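Just so you know, ligand 1 is whichever comes first in the structure, and atom 1 is the first atom listed for that ligand. It should be emphasised that the depicted structure is a prediction, and the values quoted were computed from it without experimental measurement. As a basis for the values below, the full set of heavy atoms in this structure was taken, side chains included, without hydrogen atoms, waters or symmetry mates.
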Amino acid sequence: MAAGGSIFNAMLQEFDGAARLLGLDPGIWKILTNPKRQIAVSCPVQMDNGEIEVFTGYRVQYNITLGPAKGGIRYHPDVTLDEVTALAAWMTWKCAVAHVPFGGGKGGVICDPTRMSRRELEALTRRYIAEIIDAIGPDKDVPAPDVNTNDQIMAWVMDTYSMHVGHTSTAVVTGKPIEMGGSLGRREATGRGVMIVTREAAKYVGFDIKGATVAVQGFGNVGSVSADLLAGIGAKIVAVTDWKGGVYNAAGLDIARMLDFAKGHKTIDGFPGGEPIDNEQLFTMDVDVLVPAALENQITLENAPAIRAKVVAEGANGPTTPEAHRHLHERGIFVIPDILANAGGVSTSYFEWVQNRHGYFWEEEEVNRRLEAKMCEAFRDVLDTSVRYRTDMRTAAYIVAINRVATVTRMRGMYA
Ligand code: NAD
């Protein structure tokens, strides 16, 4: 993905552009471009065949100036410390843009969960958490689900931590099952945030979201909820793709039926409500809004020149390469960057943590009302900054984030 193959270097490139425009003090610059803590642990697990495997796990607390570190735990064979550090840095900027009192963290374990039994996954999760137990906690570092981890794994994280401290601690992790302290509205939160910022972007760019045409890549948690909620405010979802295929219907796809179809078939490929299409067709479609909500590096210099959307709302993390982003910006396409567009997830994780700490749970409408306010505030802050600095929305989002973390770093002063 990045120069020299380092994802962390890619993060630094984005950081540097914004920090230069902001005129960031060189000392603060140094602090904000170095991870505060990087923990590496070995996790021995007795596998079902009786043999012992040792898995390497990481937890990075990139910056905790604004509050406890916040970020998911990823289980994947390709996890590296470089990747986990970059993801932890991005969480720092995302939390700051969303204006939630969290720093940025991320965890990863090198493993292939598709080849592990439920018992092995539980044993690995409990051992990994036991190995990093002193570093996490409601005031220290609050993990969440990420690639290949889910609410069941968060339940094991919560239980392991609680057993160690001797009491039930719900606020140590977010993305838990509702029954044990998860927040209503969390599952839909990222897609809801995408819907809100897309609606706000349409107002700014100057078209009516009612009747606007939308193409969505990915029909998982983020893509399907974004499509459903955008359709709910009157947009016409004309194209959707997933890992297997895609569907197009100029009159608008029936998203409720598509959700049912996807539940049964585990893909939208073959959905009877439209004609088949692939990703490349999706990207080049004459639509008002394009929502990449699948993977990183999907919009590249190869396909960016053919993109005709007025607004690109980055539901996924890192869907656009830096060169492609420059190209889109130069052509006047309004890109809502990932650290803003998909910040609804971490905002509602914050709400989950707040509810856990209060021991008082909100109705779903309350969660959604607060998310609406948070996303609108974040969108306005980034838009105002982009106008003030005459720059694109991504650089502006970084400026907002860096400025917030830098201001508090300066106020807190140097502990020596
Ligand atoms: P998911 O696993 O639920 O869904 C991913 C979707 O992408 C699936 O529909 C899959 O079929 C599709 N996909 C995979 N490969 C594809 C391909 N080559 N072409 C087209 N579609 C493809 O994941 P998710 O939770 O929806 O996350 C999607 C993105 O959003 C990721 O980048 C993730 O990091 C980011 N994100 C998610 C959240 C969240 O709360 N879930 C929050 C912030 C960011």
Side-chain angles (χ1 to χ4, degrees), residues 1 7 70-76 79 83-84 86-88 90-91 93-95 97-98 100 104 106 108 113-114 143-151 154 174-176 182-183 185-195 197 215-229 239-247 255 258-259 261-263 265-271 276-283 290-300 303 313-320 336-352 371 375 378:
M1 165 182 172
I7 304 175
K70 186 87 197 79
I73 297 170
R74 174 172 292 200
Y75 285 178
H76 199 277
V79 161
E83 176 194 55
V84 177
L87 292 166
W90 274 313
M91 283 306 298
W93 316 132
K94 192 179 294 187
C95 290
V97 167
V100 296
K106 203 82 180 188
T114 62
D146 191 68
V147 175
N148 293 329
T149 58
N150 55 21
D151 59 349
M154 297 310 112
T174 62
K176 297 178 292 293
S183 177
R186 172 63 189 90
R187 194 188 64 79
E188 300 83 4
T190 307
R192 182 172 293 279
V194 171
M195 177 274 285
V197 293
V216 182
Q217 186 199 30
F219 204 66
N221 177 286
V222 180
S224 69
V225 176
S226 305
D228 193 32
L229 295 180
V240 176
T241 54
D242 71 8
W243 65 277
K244 198 155 179 222
V247 197
I255 299 300
M258 195 179 244
L259 281 164
F261 183 92
K263 244 182 234 146
H265 295 76
K266 304 283 170 238
T267 173
I268 51 136
D269 188 42
F271 177 67
I277 49 155
D278 60 24
N279 272 328
E280 283 317 305
Q281 289 168 296
L282 177 111
F283 283 126
L290 177 62
V291 182
L295 308 167
E296 61 281 0
N297 292 341
Q298 294 301 294
I299 301 179
T300 63
N303 57 13
E314 293 184 337
N317 282 318
T320 314
I336 316 171
D338 46 8
I339 59 171
L340 168 62
N342 67 36
V346 79
S347 299
T348 306
S349 281
Y350 166 56
F351 299 155
E352 180 174 333
L371 179 62
M375 293 305 295

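Side-chain contact check for Ser349 and Arg186: at least one donor-acceptor pair (N or O, by modelled atom type) lies under 3.5 Å.
Checked against side chain to side chain contact (heavy atoms under 4.5 Å, CB included), Val225 has the following partners two or more places apart in sequence or in another chain: Arg187, Glu188, Leu229. Residues passing the ring pair (Phe, Tyr, Trp, His ring centres under 6.0 Å) test with Tyr75, sequence neighbours excluded: none. By the ring pair (Phe, Tyr, Trp, His ring centres under 6.0 Å) test, Tyr350 is found to be paired with Phe102, residues two or more places apart in sequence or in another chain being considered.
Taking 4.5 Å as the limit, some side-chain heavy atom of Ile7 sits within range of a side-chain heavy atom of Trp90.
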Starting from the N and O atoms of ligand 1, collect every protein N/O partner closer than 3.5 Å and put each pair on its own line with the distance to 0.1 Å.
from	atom 1	to	atom 2	distance (Å)
ligand 1	3 (O)	Asn221	N	2.9
ligand 1	9 (O)	Phe219	N	2.9
ligand 1	9 (O)	Gly220	N	3.1
ligand 1	11 (O)	Trp243	N	3.1
ligand 1	19 (N)	Asn279	ND2	2.8
ligand 1	21 (N)	Trp243	N	3.4
ligand 1	26 (O)	Asn221	N	3.1
ligand 1	26 (O)	Val222	N	2.8
ligand 1	30 (O)	Gly315	O	3.4
ligand 1	32 (O)	Asn317	N	3.1
ligand 1	34 (O)	Asn317	ND2	3.0
ligand 1	40 (O)	Thr190	OG1	2.7

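For the atom pair CD (Glu314) and CG (Leu290), the distance works out to 9.5 Å, reported to the nearest 0.5 Å.
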